[in-house]
Amino acid sequence: MHIRGDHAELVVGGRLDVRSAADARTVLHAAVDGGVGDLVLDLSELDSWDATGLGVIMGAHRRAGRLGRRLVLRGVPPQLQRLLVATRLHRILAIEGGVGLESLPRV
């Protein structure tokens, strides 16, 4: 997993899973704490995530909300969009451009 960027936009790539969760959490929390306004997470380079990785994203979302910020997901790959729809998290998380529900199989 790799994360690059600043307090306004981060690009997350590789695998966001149980092995990388602690490092990702540290970076995301520092970005949330150190900025103002929307924090954009560009996930276009993300290969996969598991439940732990999704938990890291949700934790950053909650932390941002407590600080008056908004976490915005950009470039969410289709298989990860399906997971967000299956868990109904697409209704909670801000997703740039929304989720293309018409192109996703029903769950």
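When a residue number appears, it is its place in the shown sequence, counting from 1. No experiment lies behind these values; they were computed from the predicted model shown.
A continuous path of hydrophobic side-chain contacts links I3 to L93 [ILVMFWY only; heavy atoms under 4.5 Å]. V18 and L54 fall into different hydrophobic clusters, defined by Ile, Leu, Val, Met, Phe, Trp and Tyr side-chain heavy atoms under 4.5 Å apart, directly or through other members.
Under the 4.5 Å side-chain criterion, counting only non-hydrogen atoms from C-beta, V56 is in contact with L28. A heavy-atom distance below 4.5 Å is found between the side chains of L73 and L84.
Distance CG/L41 to NE2/H61: 11.5 Å, rounded to 0.5 Å. Note that the CG atom of L83 and the CG atom of L89 stand 7.5 Å from one another [nearest 0.5 Å]. A distance of 6.5 Å separates CG of D17 from OG of S48, quoted to the nearest 0.5 Å. With rounding to the nearest 0.5 angstrom, the CE atom of M58 is 8.5 Å from the OG1 atom of T87. Here the straight-line distance linking atom CZ of R25 with atom CZ of R63 works out to 10.5 Å at 0.5 Å rounding. Between the CD atom in E9 and the CG atom in L39 there is a gap of 9.0 Å [rounded to 0.5 Å].
Annotation: side-chain contact (heavy atoms from CB on, under 4.5 Å) contacts of L80 (sequence neighbours excluded): L46, W49, V76, P77. In this structure, the side-chain contact (heavy atoms from CB on, under 4.5 Å) partners of E96, at least two apart in sequence or on a different chain, are V72, R74.
Closest approach of R69 and V32 over heavy atoms only: NH1-O, 2.9 Å. Between I57 and L71, the closest heavy-atom pair is O-CD2, 3.6 Å. Nearest heavy-atom pair across S20 and R15 is OG-O, 3.0 Å.
The salt bridge (charged side-chain N to carboxylate O under 4.0 Å, His left out) contacts involving residues 44-61 comprise R4-E45, where partners must be two or more places apart or lie in separate chains.
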_side-chain contact (heavy atoms from CB on, under 4.5 Å), that's the test. Do L67 and D33 meet it? Break it down for me._
CA-CA 8 Å; L67 295 173; D33 295 347; 3.3 Å; yes
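Between the R70 side chain and the D38 main chain, no donor and acceptor come within less than 3.5 Å of each other.
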